[in-house]
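Right, one structure below, let's go through it.
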Amino acid sequence: MTTHAALPAPGARLKKALRRRDDHGGTPRLSPLWTFVAWLATLAFFAPVAWMVLTSFHQEADAATNPPSPLAPVTFDQYKLLFSRDITPFLLNSTMASVISTLLVLVLAVPTAYALSIKPVEKWTDVMFFFLSTKFLPAIAALLPVYLIVKDAGMLDNVWTLIILYTAMNLPIAVWMMRSFLAEVPREILEAAEVDGAGLPTVLLRIVAPVAMPGLAATSLICFIFSWNEFMFAVNLTATNASTAPVFLVGFITSEGLFLARLCAAATLVSLPVLIAGFAAQDKLVRGLSLGAVK
């Protein structure tokens with residue numbers, strides 16, 4: 001009886017080649033030219049941010065010179081003026097709206113993605129298209145109906161209004177991202193948990209969540225950034241009690257002129273939470289965004 005060698009699974013040669021590459025020195029090095037191009041592109045993207053931070057430590061007169069003077073005296077006056085203007089409530093509103101909406105998105109997106117990837121429901125492709133179709137309409141087109149509904153409900157200038165809107169806005173993106181991440185969870189682990197009698201909450205919390213943690217980190221960070229930077233609904237649905245940090249930045253553009261140094265200081269301060277969150281989750285973020293790139 002003739003035996004035939006088993007054909008390698010799709011992608012097995014690629015995985016073997018990647019392992020061989022890792023065994024012989026890791027990733028291949030770029031040529032000096034491409035290294036220089038990569039650093040040049042990095043500096044080009046970082047230059048405006050660095051200039052904004054540098055300008056925030058200047059006086060208004062020095063920031064308004066043409067051409068600007070990078071060697072102007074350094075001062076912390078702009079940051080003192082920000083806190084004297086009481087930026088704290090705006091930062092707290094942004095933090096509350098972004099953090100709570102991100103948590104709600106994860107609570108809703110993970111079971112949904114589980115049902116669409118690991119335990120596919122009937123016509124799951126139609127469900128995915130429905131989630132995607134909710135992003136087809138420009139947000140500005142929904143502003144008037146949303147404003148009227150919120151006004152009739154008596155929830156204008158309320159942080160919970162922003163939380164509900166941000167949750168609805170980010171949920172389709174989170175479902176699409178989490179479905180691709182959960183599709184990488186080994187089925188053998190889930191089957192073993194079901195054999196041991198684990199219920200759905202136990203499977204999600206103790207098995208799926210640890211395995212898909214990079215994907216959860218990437219999804220939560222993106223949802224947090226989208227919520228933190230949202231401006232249109234915040235400026236139209238809030239007034240004094242629930243205004244967020246982006247709305248605070250607009251206050252420096254007045255009929256008296258543009259307070260450039262103070263605006264740069266406020267923008268630097270508003271950008272810090274996102275930068276800190278990204279830096280804290282950078283390892284999981286890179287793994288999450290590259291998850292499923294090679295199968």
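Throughout, residue positions are numbered sequentially from 1 according to the sequence presented. Owing to the predicted nature of the structure, the values given are computational and were not obtained by experimental measurement.
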Mark yes or no for whether [X], through its side chain, and [Y], through its backbone, hold a donor-acceptor pair below 3.5 Å.
X      : Y      : value
Asn93  : Ser243 : yes
Ser220 : Ala217 : yes
Trp228 : Ala245 : no
Glu60  : Ala63  : no
Asp157 : Thr240 : yes
Ser94  : Leu91  : no
Gln78  : Leu82  : no
Thr219 : Ala174 : no

Any [X] side-chain heavy atom under 4.5 Å of [Y] side chain:
X      : Y      : answer
Phe226 : Met169 : no
His58  : Leu260 : no
Asn158 : Asn241 : no

* Taking all heavy atoms of Thr161 and all of Met155, pick out the closest pair and write down the distance. => OG1-O, 2.6 Å
* **Aromatic plane relationship, Tyr79 with Phe57 - under 30° parallel, 30 to 60° tilted, over 60° perpendicular** => tilted
* Mind checking the CZ-NZ spacing from Arg262 to Lys80? Nearest 0.5 Å is all I need. => 13.5 Å
* Could you grab the distance from atom OH of Tyr166 to atom CD1 of Ile100, nearest 0.5 Å is fine? => 12.5 Å
* Just checking, is any N or O donor in the side chain of Asn170 or Ser227 under 3.5 Å from an acceptor N or O on the other one? -> yes
